Amino acid sequence: MEFKISYNQVDTDIVVMGEFEDSKQVIELIEILDLPKNKKINITFLGANVIPKIVLERLFILQEREKCVVFVLKRYLYSYLQNIGIKCKCIEKNCTLKKENRKLSDKKESLDKEEVYSFLKELNIIYGYDYTEYQIDSIMRRINIAMIKEGICNFNSFREQVLSNENFFYNLFLDFSINTTEFFRDPNVFALIKTKILPYLNSYNHIKIWCAGCSNGKEVYSLAIMLKEAGILNKTQIYATDINPYVIEEAKNGIYSTDSLDKDISNYRNAQGEKNFVEYFSINRSYMKVKEELMKNILFFQHSMISNGTLNEFNLILCRNVFIYFNDSLQEKMLESFNNSLDNNGFLVLGKSEGIQRNNGEKYFCKYDEKLKIYKKK
Ligand SMILES: C[S@@+](CC[C@H](N)C(=O)[O-])C[C@H]1O[C@@H](n2cnc3c(N)ncnc32)[C@H](O)[C@@H]1O
C-alpha cells in the first residue's frame with residue numbers, strides 16, 4: 001500500500017494509507033494536524049506499523065485536549081500505541097483475540113513437527129527469513145497463536161495463505177519476534193558492566209559496542225546511560241540491531257510509557273545508577289522521551305544476526321534473551337560468529353537463562369562471570 005493522506009475538511013476525517021517513508025510525508029500530516037479545528041478529528045492509519053515520533057507527540061497533545069480519536073488497521077501499531085499510552089481503536093477483524101477466535105483454539109488440530117519444519121524451509125526460500133534453527137516448540141506455539149488470530153484452524157490452509165500472501169507472512173513474522181524487554185533488565189548485569197567492564201574499556205581511544213536483538217531500545221538506552229555516567233559515551237559507537245524493522249523504528253522514536261517508571265527507577269538504582277533516572281528523559285503526563293544526548297552515539301538498524309552476516313571489531317557485544325529462541329546448533333554458530341566479531345579481550349553478555357555449556361561455546365569463550373552470563377573471547 002503506497003503512502004497517501006486523504007483529508008476531508010468538512011467532517012475532519014484524516015486517512016493515512018501505507019507506511020511513512022520520508023520526512024516530507026511526516027510534514028504533510030503535521031501540517032494537517034496543526035490546522036485549527038473546532039471539532040474532534042478522526043484519524044485512521046491504514047498500513048502503518050509504527051508512527052514517527054513527531055506525529056506521536058501531536059497525537060498525545062490532541063488526546064490530552066480530547067480532540068482526537070485514533071483508528072488503526074494493523075494490530076502491531078495497535079499494541080505499540082496502547083503500550084506507549086495513545087488511546088486507539090483497532091479496525092482489523094483479528095486485531096485482538098476475539099471470543100470466537102479463542103473458541104478456535106479448542107478446535108485446532110495439533111501441529112506436526114516435520115510439517116512445520118518444511119514450512120519454515122519454504123518461508124526461507126520465499127521470504128528470505130530463516131527460522132529453521134529456532135526452537136521448534138516455541139515456533140509451533142507462535143504458529144498456533146497466529147492461526148487463532150487469523151481465525152484459521154487447519155495448518156495446511158494457514159500454510160498456503162502465508163506462502164502466497166506477503167501480508168499474512170508479515171503478521172506471522174511479527175508473531176515470531178518476541179520483544180519483551182525493560183530498562184536495566186537484570187540490574188546486577190548492568191552494575192557489573194559499570195563497575196568492571198567500562199573502566200577497562202576506558203583504556204581504549206575509541207569503543208565499539210554491538211547490541212544484537214535490541215528490541216525497542218530500552219536495553220541500549222540503559223547502556224548509554226551507564227556509558228554517560230562513566231564519562232565515555234562520547235568516544236563510544238553503539239550498533240543496535242534487530243530482525244524486526246518496527247522495533248527499530250520504536251527504538252529510534254525513543255518514546256515510552258511512564259506506566260513502568262517505578263520499576264525503571266528501581267532497576268536503575270539496583271544497577272548502581274548515580275543520578276536521577278528521569279533526568280535522561282523529557283517527561284510528559286503519560287509518556288517519556290529519551291533525550292538527544294543519549295541517542296547521538298547509537299546507530300539503530302534492521303539486521304538478522306543469522307542471515308545478514310557479522311559486524312566487526314567490537315569491544316563488547318550484548319545479545320541477551322535471544323539465544324533462548326535458538327536451538328543449540330544455531331547458538332554455536334552465533335557464538336563462533338560473535339567470537340569473530342570481537343577484538344582480542346572482547347566481552348560477550350548473554351541473557352540470564354542462556355550460556356555457553358550446551359552449545360560448545362567453551363570453544364570460543366571463557367567465563368568472566370558465569371552467574372551473570374558474561375564471557376570473554378578466547
Ligand atoms: C526477548 S527480546 C530481547 C531484547 C533485549 N535484548 C533484552 O534482553 O531485553 C528478543 C529480540 O531478539 C530479536 N531477534 C530474534 N531473532 C533475531 C535475529 N535473527 N536477528 C536479530 N534479532 C533477532 C527479536 O526481534 C526481539 O526483539
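These numbers come from a predicted model, not from an experiment. Values below: all heavy atoms of this structure, side chains included; hydrogens, waters and symmetry mates excluded. Counting starts at 1 for both ligands and their atoms, in listed order.
Counting atoms of ligand 1 from 1 in the listed order, those under 4.0 Å from a heavy atom of T181 are 5 (C), 7 (C), 9 (O). Which parts of ligand 1 touch I306 is read off a 4.0 Å heavy-atom cut-off, strictly below it: atoms 19 (N). Residue contact check: H303 has heavy atoms under 4.0 Å from atoms 20 (N), 21 (C) of ligand 1. Short contacts between ligand 1 and S215, defined as distances under 4.0 Å to a heavy atom of the residue, involve ligand atoms 4 (C), 27 (O). The contact set between ligand 1 and Y134, taken as ligand atoms under 4.0 Å from a residue heavy atom, comprises 15 (C), 16 (N), 17 (C), 18 (C), 19 (N). Counting the atoms of ligand 1 from 1 in the order shown, those under 4.0 Å from a heavy atom of I178 are 1 (C), 2 (S), 10 (C), 11 (C), 26 (C).
Polar contact with ligand 1: present for S177 (N/O pair, distance under 3.5 Å). In terms of polar-atom proximity, E219 is counted as a contact of ligand 1, with an N or O under 3.5 Å from an N or O of the ligand.
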TODO: Start with the C-alpha distance between E219 and R185, add both sets of side-chain angles, then the distance that settles salt bridge (Lys or Arg N to Asp or Glu O under 4.0 Å), and finish with yes or no.
DONE: CA-CA 7 Å; E219 180 181 47; R185 183 179 194 175; over 6 Å; no

Task: From CA spacing to verdict: salt bridge (Lys or Arg N to Asp or Glu O under 4.0 Å), K291, E279 - done: CA-CA 9 Å; K291 285 193 177 160; E279 272 179 33; over 6 Å; no

Task: Test log, rule side-chain hydrogen bond (donor to acceptor under 3.5 Å, both in side chains), inputs D13 and N42 - done: CA-CA 5 Å; D13 270 340; N42 295 321; 3.0 Å; yes

Open item on the list: Assess the residue pair D264 and K218 against the criterion (salt bridge (Lys or Arg N to Asp or Glu O under 4.0 Å)); give the C-alpha distance rounded to whole Å, side-chain angles, the decisive distance to 0.1 Å, and a yes or no.
Closed with: CA-CA 10 Å; D264 300 336; K218 288 185 175 182; 5.2 Å; no

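A salt bridge does not link D175 with R142: none of the charged nitrogens is closer than 4.0 Å to a carboxylate oxygen.
For the 3.5 Å distance criterion, the side chains of N49 and E19 qualify, holding a donor opposite an acceptor. Using modelled atom types and a 3.5 Å distance limit, the side chains of N315 and D343 yield a donor-acceptor pair.
The closest protein non-hydrogen atom to atom 3 (C) of ligand 1 is R320 O, 3.5 Å. Remark: minimum distance from atom 20 (N) of ligand 1 to any protein heavy atom is reached at M305 N, 3.0 Å. D242 OD2, 3.3 Å is the protein heavy atom nearest to atom 13 (C) of ligand 1. Ranking protein heavy atoms by distance to atom 7 (C) of ligand 1, first place goes to R185 NH1, 3.2 Å. In this structure, the protein non-hydrogen atom closest to atom 4 (C) of ligand 1 is G213 O, 3.4 Å. Ranking protein heavy atoms by distance to atom 12 (O) of ligand 1, first place goes to V322 CG2, 3.6 Å. In terms of protein heavy-atom proximity, atom 8 (O) of ligand 1 is closest to N321 ND2, 2.7 Å. The shortest contact between atom 23 (C) of ligand 1 and any protein heavy atom is with I243 CG2, 3.5 Å.
Ligand 1 lies out of reach of G351, whose nearest heavy atom is not under 4.0 Å from it. For the ligand labelled ligand 1, residue F176 lies outside the 4.0 Å heavy-atom shell. Ligand 1 lies out of reach of K218, whose nearest heavy atom is not under 4.0 Å from it.
Geometrically, K208 engages F314 in a cation-pi contact defined by less than 6.0 Å to the ring centre and at most 45° from the axis.
Across all non-hydrogen atoms, the minimal contact from L123 to F176 is CD1-CE1, 4.2 Å.
We find the CZ-OG distance between R159 and S118 to be 6.5 Å, quoted to the nearest 0.5 Å. Here the CZ-CG distance, from F301 to D242, works out to 11.5 Å after rounding to the nearest 0.5 Å.
At least one side-chain heavy atom of E57 sits under 4.5 Å from a side-chain heavy atom of K289.
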